[in-house]
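Note on naming: letters A, B, ... go to the chains in the order of the sequence lines (proteins, then strands), and numbering restarts at 1 for each one.
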Amino acid sequence: MARILITSALPYINGIKHLGNLVGSQLPADLYARYMRARGHEVMFICATDEHGTPAELAAAKAGKPVAAYCAEMHRVQAELAQGFGLSFDFYGRSSSARNHALTQHLARQLGEAGLISVITERQMYSPADGRFLPDRYIEGTCPNCGYERARGDQCEECTKQLDPTDLINPRSAISGSTDLELRETRHLFLRQSALRETLDKWIDSQTGWPVLTTSIAKKWLHDGDGLQDRGITRDLDWGVPAQFDGAPWEGMEGKVFYVWFDAPIEYIAATAEWADAQGLDDSAWQRWWRTDQGADDVRYVEFMGKDNVPFHTLSFPATLIGSGEPWKLVDYIKSFNYLNYDGGQFSTSQGRGVFMDQALDLLPADYWRWWLLSHAPENSDSEFTWENFQASVNKDLADVLGNLVSRVTKFCRAKFGAVVPAGGDCGPLEDRLIADLEAGLRSYQTAMDAMMVRRSAQDLRALWVLGNEYLQEAAPWSTFKSDPDRAAAQIRMALNLIRVYAVISQPFIPGAAARIMEAMACDDWSWPGDLRAALGALPQGHGFDVPDVLFAKITDDQRTEWAERFAGTRS
RNA sequence: GGGCCUGUAGCUCAAUGGUCAGAGCAGGGCGCUCAUAACGCCUUGGUUGGGGGUUCGAGUCCCUCCGGGCCUACCA
């Protein structure tokens with residue numbers, strides 16, 4: 001039994017996430033976590049809300065709430081949605097937790113004492129009207145290159161030219177619109193990533209089998225231009241982990257907090273500590289996952305994230321852990337995803353374009369979304385959600401291939417033998433062949449799941465479901481029942497057991513439906529089918545069951561049309 | 001501008017440099033009647049974006065052009 005540590009990129013706190021966010025990290029991470037647990041491994045699956053930074057403060061202000069209250073509320077909302085989607089986190093923490101404050105400050109001090117933090121004075125735009133320093137993108141003005149009047153301080157979206165806020169003509173605050181902006185001096189801590197460049201480069205070279213998307217982004221940052229640059233790790237904000245604290249090896253950082261991207265990954269560790277606290281366990285309980293001197297050398301650590309998160313997980317966070325000089329567990333595999341687009345464009349929070357997690361659950365059970373999103377996960381390139389494709393995939397795969405199989409088998413049995421696993425008859429060559437096909441298919445499925453090949457896994461699972469329909473067609477118990485009822489009994493006994501096996505192996509993808517099947521089968525034996533022949537005898541002769549309600553109702557054309565209109569958002 | 005990814009059947013995607021480029025869906029035909037008008041079998045469909053090159057052999061490697069996407073360090 002292996003120990004597997006799984007983290008999903010942390011969803012940002014400032015609103016409900018859309019399906020693109022979900023499929024980029026939390027959902028595939030959940031698939032992997034569920035699968036590994038089902039295979040009997042010890043899993044620690046961690047996620048948390050990412051609560052610091054300028055957007056959180058602005059969102060709180062817009063909501064008219066103190067930022068702490070706003071974050072607490074949004075954490076609760078996101079946690080409920082995660083539960084609604086069946087995301088099986090062992091703990092869903094908060095980056096604003098006391099544990100993260102303490103650990104972030106601890107690691108910063110370690111880095112400071114190792115000489116890996118420098119204090120740099122720089123000049124940044126300050127807005128007296130807003131009472132805050134403004135990140136580059138929160139300054140708008142006219143692009144000096146193309147004349148676009150709503151260019152942002154980091155880049156003009158019209159001509160794509162990279163800008164500095166001071167380049168803008170008629171700069172103004174994107175928040176208040178105030179043109180009263182001034183350059184103010186401010187001091188910040190910088191993480192001296194450049195000093196760890198070779199170490200990081202060698203570490204990444206030593207990893208094998210990482211997705212191209214992961215390594216190419218890391219290599220770009222390591223070798224582009226002057227190479228890996230130092231990174232500011234503090235901000236002039238109120239809400240966050242204070243950068244000045246007892247024992248800090250620097251001074252003058254009063255009123256500043258650590259940069260959200262410094263403390264967010266640390267929350268992976270802190271959340272595991274939060275888990276231990278919640279369980280009433282001592283520090284050794286979480287340290288055995290994270291400290292290589294406490295047993296974490298045996299842990300396999302896998303991170304899931306969208307491609308925009310890769311630089312922080314391949315460089316900044318490892319630099320933080322390595323630079324601390326302490327024996328922290330580093331990631332073993334980074335599974336990164338491209339983006340999911342929505343019907344010809346991008347999901348857009350501001351335009352209300354696309355489907356968001358709360359809306360999705362209002363329309364359909366989580367399994368529909370889980371199945372479509374995972375079977376179309378943007379692994380090799382960006383992929384696209386369309387209602388036509390969603391309807392077709394869900395109706396065909398879930399309703400017709402799997403749902404109908406369960407329905408036809410259970411209803412036939414009830415009609416001919418009663419709602420019990422029928423006795424009598426023996427298996428023959430047809431069943432031998434079915435088992436051989438299932439074994440081959442299951443091996444393929446497991447190989448894909450082990451390798452986190454998400455789409456491939458979904459294909460393999462579907463192919464396993466199809467075997468059930470093929471078997472029924474050939475066995476034709478409705479026909480054999482007339483000539484040889486014992487034979488029909490053996491066939492249906494096989495089919496009922498097959499349904500149970502499907503529930504077990506499908507559970508990582510569609511946990512809700514799997515649970516309903518198991519409930520209908522009156523079975524709670526979720527053990528993974530190591531020996532298929534034995535697994536197909538788990539429901540003994542005479543075992544009672546219920547015919548479940550329709551597992552997956554089909555999406556109608558009318559529904560599809562209405563939803564497509566409702567979520568189109570405001571066209572630009 | 002630079003870097004990376006991508007382009008394969010109507011659609012969504014496969015294919016360690018090696019049999020006739022394969023699946024699912026959609027389309028066509030046949031079968032079955034247990035089932036959510038579901039299932040099974042057969043089948044149509046391709047100059048692998050264009051062009052050049054390397055090779056006994058290229059969807060795969062190289063060059064070039066065209067299209068789509070992402071990243072580019074102060075959003076997270």
>> Please check: side-chain N/O of Thr214(A) versus main-chain N/O of Trp210(A), any donor-acceptor pairing under 3.5 Å?
In response: no
> Taking the C1' atom of each, how far is U8(B) from U33(B), in whole Å?
Replying inline: 39 Å
> Just how far, in rounded Å, is P of C4(B) from NE2 of His223(A)?
Replying inline: 13 Å
> Can you list the residues that meet the side chain to side chain contact (heavy atoms under 4.5 Å, CB included) rule with Arg172(A), with sequence neighbours excluded?
Replying inline: Glu140(A), Arg150(A), Thr179(A)
>> Between A26(B) and C39(B), how far apart are the two P atoms, rounded to whole Å?
In response: 8 Å
> Are Trp372(A) and Trp387(A) close enough that their ring centres sit under 6.0 Å apart?
Replying inline: no
> For every nucleotide of nucleotides 6-17 of chain B, 5' to 3': is a protein heavy atom under 4.0 Å from its base (B), only from its sugar-phosphate (S), or from neither (-)?
Replying inline: S-----SSS---
> How long is the line joining CG of Asn21(A) and P of C75(B), in whole Å?
Replying inline: 17 Å
> So what does Phe312(A) hit on the nucleic acid, given a heavy-atom distance under 4.0 Å: a base, only sugar-phosphate, or nothing?
Replying inline: base
> Can you tell me how far P in C13(B) sits from the matching atom in G7(B), rounded to whole Å?
Replying inline: 10 Å
>> Defining pairs by Watson-Crick or G-U wobble geometry with both distances under 3.5 Å, how would you list the stems of RNA chain B with at least three pairs each?
In response: B:1-7 with B:66-72, B:10-13 with B:22-25, B:27-31 with B:39-43, B:49-53 with B:61-65
> With Ala495(A), which residues qualify under side chain to side chain contact (heavy atoms under 4.5 Å, CB included), at least two apart?
Replying inline: Val409(A), Leu472(A)
> With a 4.5 Å heavy-atom cut-off, do His313(A) and Thr7(A) have their side chains touching?
Replying inline: no
> Using atom C1' of each nucleotide, how far apart are C30(B) and A15(B) to the nearest Å?
Replying inline: 31 Å
> For the pair made of CG in Asp154(A) and P in U72(B), what is the distance, rounded to whole Å?
Replying inline: 9 Å
>> Need one value for Gly227(A): base, sugar-phosphate or nothing, where a base atom within 4.0 Å counts as base even if backbone is also close, heavy atoms only.
In response: base
> Is the shortest side-chain N/O distance from Tyr339(A) to OP1 or OP2 of C71(B) below 4.0 Å?
Replying inline: yes
>> Please determine whether any donor N or O and acceptor N or O are separated by less than 3.5 Å between the side chain of Glu122(A) and the base of C74(B).
In response: yes
>> Distance check needed: C70(B) P versus Glu379(A) CD, whole Å only.
In response: 19 Å
>> Can you check the distance between C62(B) and A23(B), where both ends of the measurement are the P atom (answer in whole Å)?
In response: 29 Å
>> If the condition is side chain to side chain contact (heavy atoms under 4.5 Å, CB included), which residues does Ala476(A) pass it with, not counting sequence neighbours?
In response: Trp478(A), Ser479(A)
>> Any non-hydrogen side-chain atom of Arg235(A) less than 4.5 Å from a side-chain atom of Thr186(A)?
In response: no
>> Checking Trp369(A) now: which residues fulfil ring pair (Phe, Tyr, Trp, His ring centres under 6.0 Å) with it, not counting sequence neighbours?
In response: Phe390(A)
>> Using a heavy-atom cut-off of 4.0 Å across all strands, would you classify Lys307(A) as base, sugar-phosphate, or nothing?
In response: sugar-phosphate
> Which residues pass the ring pair (Phe, Tyr, Trp, His ring centres under 6.0 Å) test with Phe337(A), sequence neighbours left out?
Replying inline: none
> How would you list, by chain and number, every residue that makes a ring pair (Phe, Tyr, Trp, His ring centres under 6.0 Å) with Tyr138(A), sequence neighbours excluded?
Replying inline: none
> Do Phe417(A) and Phe481(A) make the cut of ring centroids closer than 6.0 angstrom?
Replying inline: yes
> Quick one: the side chain of Trp221(A) and the base of A73(B), do they pair up donor-acceptor inside 3.5 Å?
Replying inline: no
> Is Pro55(A) touching bases, backbone alone, or none of the nucleic acid, heavy atoms closer than 4.0 Å?
Replying inline: sugar-phosphate
>> If the cut-off is 4.0 Å, is Tyr259(A) near the phosphate of C75(B), judged by side-chain N/O to OP1 or OP2?
In response: no
>> Give me each pair satisfying ring pair (Phe, Tyr, Trp, His ring centres under 6.0 Å) with a member in residues 482-501 of chain A, each pair once, sequence neighbours excluded.
In response: none
> When you compare A35(B) with U43(B), how far apart are their C1' atoms, in angstrom units rounded to a whole number?
Replying inline: 26 Å
>> For a quick check of understanding: with a heavy-atom distance under 4.0 Å over all strands, which category does Ser393(A) fall into, base, sugar-phosphate or nothing?
In response: nothing
> Separation of Ile217(A) atom CD1 from G69(B) atom P, in whole Å?
Replying inline: 17 Å
> Rounded to whole angstroms, how far apart are CD on Gln155(A) and C1' on U72(B)?
Replying inline: 8 Å
>> Over all strands shown, is Glu470(A) touching base, sugar-phosphate only, or nothing at heavy-atom distances under 4.0 angstrom?
In response: sugar-phosphate
>> For the C1' atoms, the ones on G18(B) and on U55(B), what distance do you get once it is rounded to whole angstrom?
In response: 12 Å
>> Measuring only the C1' atom in each nucleotide, how far is U44(B) from G29(B)? A whole number of Å is fine.
In response: 10 Å
> Pairs in or reaching into residues 13-23 of chain A: which pass salt bridge (Lys or Arg N to Asp or Glu O under 4.0 Å), with residues at least two apart or in two chains?
Replying inline: none
> Contact class for Arg152(A) (heavy atom, under 4.0 Å): base, sugar-phosphate, or nothing?
Replying inline: nothing
> How would nucleotides 27-38 of chain B be written as a contact map, 5' to 3', with B for base contact, S for sugar-phosphate-only contact and - for no contact, using protein heavy atoms under 4.0 Å?
Replying inline: ----BSSBBB-S
>> My understanding is that only residues two or more places apart in sequence, or in another chain, count here; which of them pass ring pair (Phe, Tyr, Trp, His ring centres under 6.0 Å) with Tyr126(A)?
In response: Phe133(A)
